[in-house]
Each structure stands twice: as structure tokens, then as C-alpha cells.
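Okay, so here's the structure we're looking at.
Lettering of chains follows the sequences in order, A, B, ..., and the numbering in each one begins at 1.
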Amino acid sequence: MPVPADWPTTEAEALAEQQRLRELVEPYGPGLAEGELVAGVDVAYDDERDVVVAAAVLLDQASLEVVEEATAVGRISFPYVPGLLAFRELPAVMDALASLHQTPDLVVCDGYGLAHPRRLGLASHLGVLTGLRTVGVAKTPFTFTYEQPGPERGAWAPLSDAETGEEVGRAVRTRPGVKPVFVSVGHRIGLDESVAVTLALAPTYRLPETTRRADSLCRRALAAAIG
DNA sequence: GCGACAG
DNA sequence: ATCTTGTCGC
């Protein structure tokens, strides 16, 4: 599942593409079931050498054991623009996913889904392009606001758009007393289910195991790719 | 107009 | 994202 041939190269094209895809997001659906496979994806860059490396790691939902790993190396095709991150990261991510021998039942992304200025963060974008179920788990609140969730693991508070007041995601406490992560729906899953999946994937550390594994793998692959 | 701004 | 030392704590 490589990226479409007419992948946007300018901000204007990217904005038009987001407007088209946002209508296709399905913000409802089940969480993980017994025996399903979850993929974590992440990207690392070397701006100097114009190199990007993506990693996709497949884990068993119940044991969180690694089932399969894949990486993809490419050229940086889009600058970092807040709100347009998908256009920078997805080409390599989709190549890495295509290299997996099994199809994930859910993909956990490092970033947002519906919690996005135009409701199409990279997780939702990836979901619509691939048809896969996706969730976004970000490390910072971007432009949204939230109240501090309770100190215990599992506590959460709405992540809201200050303009519209709508709940676009949730600040979720995965570790007691540690800064929350920011969960939002990607595609074909509901918000409650997204939060439950995030907690199940992060039994020990702040970030989901999927994200930790993918982050570690793409860094190692980048180091190996450059001299 | 200016600053902030997922990774 | 990436550049970077030491340090506090389980």
C-alpha cells in the first residue's frame, strides 16, 4: 500500500486533500479482540542527508510480544508544518506497513487523529488511505486544552478544542503521577475504545509498547542507513 | 500583526 | 524530530 502517485507537494494541495479526506473518517468501531495484531509506526529523520526512515512493528494484542518488524528508507518529501505532519510522515510509514507479511488489525500512531485543527491528523489520514483501524496517541497537547486528570493510572479528562468546545480526544494517565498522553480517534474506532486500547498497550510505561518499539526500531534503522 | 504549534 | 550532561529514583 504505497502512497498515491499524486501525493501533495505544496501546502495548498495538502489542505485541499485534507478537506477531501476528512469526510471519509469513521469515528466509531470496536477495540481490540482476542488474538488480534496491533502495529506501532514511527519515523526518524536526518535532515542533513535528506533521509527518512519509518518503522512498523507488529505486536500480539494480549502478550505484547513482537510478531514482526519492518522498516522503509526514503527521501524527505514534505517540510514539517504543524497541521500537515501526515504529508511528511505517511509515505515512509505506508511503505513500512506494506513490508509487513501480516495485516494489522489496528495501527497506533505517534500523533493525533481527529484531534487536529481540521479533524484529520496523521492517524485518521492513514486510516482513510489504508482502510485500517487507527488510533492517535500523542505526547503533547498541540493546540488543545484539558484539565489535569486524576493522579491514578486510567484517569482521564477531555481534550477540547478551545474554539468549538468539542471533545476531540482525551488526556489519559497511563502511569501514576506522570504527564498524560493525548488519545484521539483515528479511523474505524470509537473514543472509549481508543482509550481502552491505549491503556492496554501501556501497562508499564507512559507510552504504548507499540510506539516504544517503533520509535526504537526507526532510530536504529536510521543509524544503520546513514554511515 | 505576532506567537504558538503533533513529529 | 534533533542537538545534548548530569541527576534523581525505582
Side-chain angles (χ1 to χ4, degrees), chain A residues 11 14-15 17-18 21-22 25 40-57 71-94 96 107-128 134-146 151 153 159-163 167-172 174-187 194 198 202-208 210-227:
Chain A
E11 288 194 23
L15 289 169
E17 178 69 348
Q18 286 187 334
L21 297 179
R22 63 181 294 182
V25 178
V41 292
D42 197 14
V43 178
Y45 303 92
D46 184 315
D47 288 296
E48 296 291 296
R49 311 189 186 219
D50 189 39
V51 173
V52 53
V53 175
V57 181
T71 60
V73 182
R75 295 292 186 173
I76 298 176
S77 57
F78 204 92
Y80 170 64
V81 180
L84 299 180
L85 187 60
F87 298 95
R88 178 173 169 84
E89 306 217 326
L90 292 191
V93 164
M94 291 177 74
V107 181
V108 178
C109 298
D110 191 4
Y112 287 120
L114 290 182
H116 176 275
R118 294 171 294 281
R119 304 294 177 269
L120 195 84
L122 79 174
S124 298
H125 197 138
L126 177 66
V128 170
T134 62
V135 168
V137 180
K139 300 181 288 295
T140 64
F142 199 17
T143 61
F144 304 106
T145 61
Y146 67 101
R153 170 179 149 80
L159 181 67
S160 38
D161 184 314
E163 300 297 302
E167 179 182 37
V168 295
R170 286 176 188 162
V172 179
T174 51
R175 288 204 65 181
V178 174
K179 178 183 177 3
V181 293
F182 305 90
V183 178
S184 60
V185 167
H187 184 55
S194 298
T198 298
T204 310
Y205 299 99
R206 177 182 177 234
L207 297 177
T210 38
T211 301
R212 301 183 68 249
R213 295 283 189 174
D215 179 75
S216 153
L217 179 56
C218 70
R219 286 178 198 249
R220 274 178 284 136
L222 176 63
I226 62 182

Query raised in the report: Would you say the side-chain atoms of A/Arg118 pair up with the backbone N or O of A/Gly83, donor to acceptor, closer than 3.5 Å?
Result: yes

Query raised in the report: Along nucleotides 1-7 of chain B, 5' to 3', which nucleotides get a B, which get an S, and which get a -, given that the test is a protein heavy-atom distance under 4.0 Å?
Result: ----SBB

Query raised in the report: Mind checking whether A/Phe87 and A/Phe78 have parallel, tilted or perpendicular rings, split at 30° and 60°?
Result: tilted

Requested in this report: Could you go through the side chain to side chain donor-acceptor pair (under 3.5 Å) check for A/Ser216 and A/Arg220 one step at a time?
Outcome: CA-CA 6 Å; A/Ser216 153; A/Arg220 274 178 284 136; 3.0 Å; yes

Query raised in the report: Does A/Arg206 reach the main-chain N or O of A/Lys139 with its side chain, forming a donor-acceptor pair under 3.5 Å?
Result: yes

Query raised in the report: Between the main-chain N or O of A/Thr174 and the side-chain N or O of A/Arg153, is there a donor-acceptor pair closer than 3.5 Å?
Result: yes

Requested in this report: Please work out which of the three classes, parallel, tilted or perpendicular, describes the rings of A/His116 and A/Phe142, given edges at 30° and 60°.
Outcome: tilted

Query - Check: A/Phe182 ring centre within less than 6.0 Å of A/Tyr146 ring centre - result: yes

Report task. Please work out if A/Arg175 contacts a base, only the sugar-phosphate, or nothing of the nucleic acid, heavy-atom cut-off 4.0 Å. Result -> nothing

Query raised in the report: Can you give one letter per nucleotide of nucleotides 3-10 of chain C, going 5' to 3': B for a protein heavy atom under 4.0 Å from the base, S for sugar-phosphate only, - for none?
Result: --------

Query raised in the report: If you count the non-hydrogen atoms of other residues, nucleotides and ligands that lie under 6.0 Å from CZ in A/Arg213, is the total more than 12?
Result: no

